[in-house]
Amino acid sequence: MENSSAAQLDVITNSTYGGLEDNFTQGSLQTDDKVTAWDQWDHFSTIAVLLQEAMKSPTELPLSTAVPFWDSPLNHGLSVFVGVALCVTMLGLGCTVEISQIGDHLRRPIGVLIALISQFVLMPLVAFLLALIFSLDEVAAIAVLLCGCCPGGNLSNIMSLLVNGDMNLSIIMTISSTLLALLLMPLCLWFYSRPWINTTLVQFLPLGAVTLMLCSTLLPIGLGVAIRYRYGRIADILLKVSLWSLLVTLVILFILTGAMLGPQLLATIPPSVYIVALMMPLIGYGLGYGLATLFGLCPKGRRTVSLETGCQNVQLCTALLKLAFPPHLIGSMYMFPLLYALFQASEAGIYVLVYKLYRKEVLHKTESLDDDTDISFKRLKEEEPPEMSYGAVESGEASSINMELEQKPK
């Protein structure tokens with residue numbers, strides 16, 4: 001503070017006295033122009049005002065001298081929090097995997113194929129087209145594309161459970177899309193960012209950092225698989241924690257960002273970005289349902305694919321924007337996945353509500369609240385009803401495992 005005050009005083013001296021310095025050293029005030037008493041008073045008044053500005057405390061300085069948000073303790077704290085939340089999410093994702101069933105899914109890879117098409121063909125294309133239609137700048141476009149290229153998230157598992165979806169299909173789609181993202185996510189991001197190739201952000205697109213972060217998620221996923229294999233009860237607890245951490249993470253991020261920065265940060269986001277965040281999950285739900293219909297899945301399979309397509313892994317997207325991209329370039333666009341999460345959860349909630357009303361009023365079926373809210377691993381992996389279209393594993397003897405496609409009862 002002393003150095004900055006001294007610098008301001010040097011500026012004051014040079015600008016106020018100008019060429020009068022030599023005259024002062026000679027002991028007299030002589031200038032080419034006549035200096036009146038009023039001019040001298042005006043100079044001294046200016047000096048007094050500038051001295052007051054120089055002596056202000058840091059809290060009283062203008063906002064222009066404040067520390068940039070990307071270099072503030074709040075931003076560093078958010079980055080750490082987002083990284084921890086991502087690890088918890090991936091740990092819970094690994095806890096949904098049973099090693100004994102991996103071979104069965106590989107022998108009938110329809111779930112992997114649907115995940116490949118929905119997450120790395122449909123959603124990146126939707127994000128790309130919306131970015132072009134709304135003429136987004138390069139920063140907003142990269143944030144939208146990154147969200148569109150992300151794999152499915154845990155929210156889809158919860159929502160699929162609430163609409164009596166095919167949980168076997170839901171889990172294999174989430175896991176397979178996460179593993180496929182190691183290769184396909186950087187590839188899709190590179191391919192669809194070509195229209196903005198002349199911009200600084202795209203020219204220095206951190207694809208290596210994105211790939212490295214994606215590979216780092218394999219560690220908590222592998223740990224979750226090992227815990228499921230050795231300690232099933234602990235895995236059930238971790239699964240519940242990871243599912244609820246999705247909601248807690250979003251709420252904390254919104255509170256921290258909104259309370260500390262207020263409306264200034266949200267005001268920097270263009271209205272078109274809000275519209276894109278609103279439309280993307282809605283379009284994803286519709287395209288997912290159409291894709292499942294194209295594959296000939298039954299209604300419960302269609303509902304599952306629909307939710308899996310529209311629900312993206314927003315924790316992964318937020319972590320990539322916060323940790324892999326230069327913060328001074330990405331700016332406030334790290335908020336886009338949070339906006340997307342808000343809209344995808346709201347629209348999925350409406351989806352569930354409509355299904356519940358249809359089930360109650362049209363099908364005249366009721367179910368207890370406990371069944372709806374039980375998100376344990378046992379509930380996720382329970383035996384599927386007869387209308388299942390993805391397939392189930394039936395084991396009679398230890399040496400006999402049959403994969404069969406069940407037909408809907410006539």
Side-chain angles (χ1 to χ4, degrees), residues 92-93 95-98 101 104-105 108 110-111 114-115 118-119 152-177 236 239-240 242-244 246-247 281-282 284-312 344-394 403-410:
L93 190 60
C95 289
T96 64
V97 179
E98 277 189 317
Q101 294 191 0
D104 301 327
H105 294 309
R108 191 172 184 274
I110 185 174
I114 294 176
S118 63
Q119 297 295 344
N154 282 359
L155 179 65
S156 60
N157 302 135
I158 301 175
M159 294 302 175
S160 295
L161 177 65
L162 295 178
V163 296
N164 298 310
D166 187 339
M167 295 312 302
N168 200 27
L169 176 59
S170 177
I171 292 173
I172 192 59
M173 283 188 65
T174 302
I175 289 291
S176 59
S177 65
D236 289 339
L239 176 60
K240 288 186 177 182
S242 68
L243 292 176
W244 287 112
L246 170 62
L247 175 61
L282 193 61
Y285 294 143
L287 291 178
Y289 198 91
L291 178 66
T293 304
L294 185 64
F295 273 85
L297 300 186
C298 71
K300 74 178 306 180
R302 296 173 194 172
R303 295 192 298 270
T304 301
V305 175
S306 173
L307 291 167
E308 284 288 335
T309 304
C311 292
Q312 300 295 85
Q344 81 170 3
S346 302
E347 292 166 7
I350 296 175
Y351 192 119
V352 172
L353 180 61
V354 171
Y355 169 75
K356 294 295 184 183
L357 291 176
Y358 172 79
R359 182 179 175 87
K360 180 179 180 181
E361 301 297 334
V362 179
L363 302 181
H364 303 292
K365 295 181 179 180
T366 58
E367 49 194 343
S368 65
L369 183 61
D370 292 338
D371 291 337
D372 286 346
T373 57
D374 183 5
I375 58 173
S376 65
F377 182 81
K378 181 180 178 181
R379 176 73 172 91
L380 290 176
K381 304 293 289 186
E382 68 181 353
E383 183 180 357
E384 302 291 344
E387 70 168 356
M388 173 183 174
S389 65
Y390 173 62
V393 180
E394 291 186 357
M403 293 291 296
E404 64 180 24
L405 182 65
E406 299 180 2
Q407 302 294 332
K408 293 174 60 179
K410 296 183 180 179

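All figures in this text were calculated on a predicted structure; none of them were measured in a lab.
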Worksheet entry | Closest contact, heavy atoms only, S156 versus T174 | OG-OG1, 3.7 Å
Item to complete: Working to the nearest 0.5 Å, report the span between CD1 of I171 and CG of L93.
Response: 9.0 Å
Item to complete: Find the distance between OG1 (T304) and NZ (K300) and round it off to the nearest 0.5 Å.
Response: 7.0 Å
Discussion item. As an exercise, state the distance from CE of M173 to OG of S118, rounded to the nearest 0.5 Å.
Written reply: 3.5 Å
Worksheet item: Does M159 reach the side chain of Y351, with side-chain heavy atoms less than 4.5 Å apart?
Response: no
Worksheet item: Would you say the side chain of L169 lies within less than 4.5 Å of the side chain of L297, judging by non-hydrogen atoms?
Response: yes
Item to complete: Supply the atom-to-atom distance N164 CG to K356 NZ, rounded to the nearest 0.5 angstrom.
Response: 5.0 Å
Practice prompt. Decide whether T309 and Q119 meet the rule of one side-chain donor and one side-chain acceptor closer than 3.5 Å.
Written response: no
Discussion item. Quick one about D166 and S160 (side-chain donor to acceptor, distance below 3.5 Å, no hydrogens or angles considered), yes or no?
Written reply: no
Worksheet item: So how far is it from S306 OG to L287 CG, rounded to the nearest 0.5 Å?
Response: 9.0 Å
Discussion item. Using modelled atom types and a 3.5 Å cut-off, is there a donor and acceptor pairing between side-chain atoms of R302 and backbone atoms of A292?
Written reply: no
Practice prompt. Could you check Y289 against V305 for side chain to side chain contact (heavy atoms under 4.5 Å, CB included), going step by step and ending with a plain yes or no?
Written response: CA-CA 6 Å; Y289 198 91; V305 175; over 6 Å; no
Discussion item. Show the nearest heavy-atom pair for residues L239 and G92, with the distance to one decimal.
Written reply: CD1-O, 3.6 Å
Worksheet item: Rounded to the nearest 0.5 Å, how far does CZ of R303 lie from OG of S170?
Response: 12.5 Å
Practice prompt. Kindly indicate whether the side chain of I172, heavy atoms from C-beta on, has any atom under 4.5 Å from the side chain of N168.
Written response: no
Worksheet item: Considering only heavy atoms from C-beta outward, does the side chain of R359 approach that of V163 to under 4.5 Å?
Response: no
Worksheet item: Do the side chain of Y285 and the main chain of Q344 share a donor and acceptor less than 3.5 angstrom apart?
Response: yes
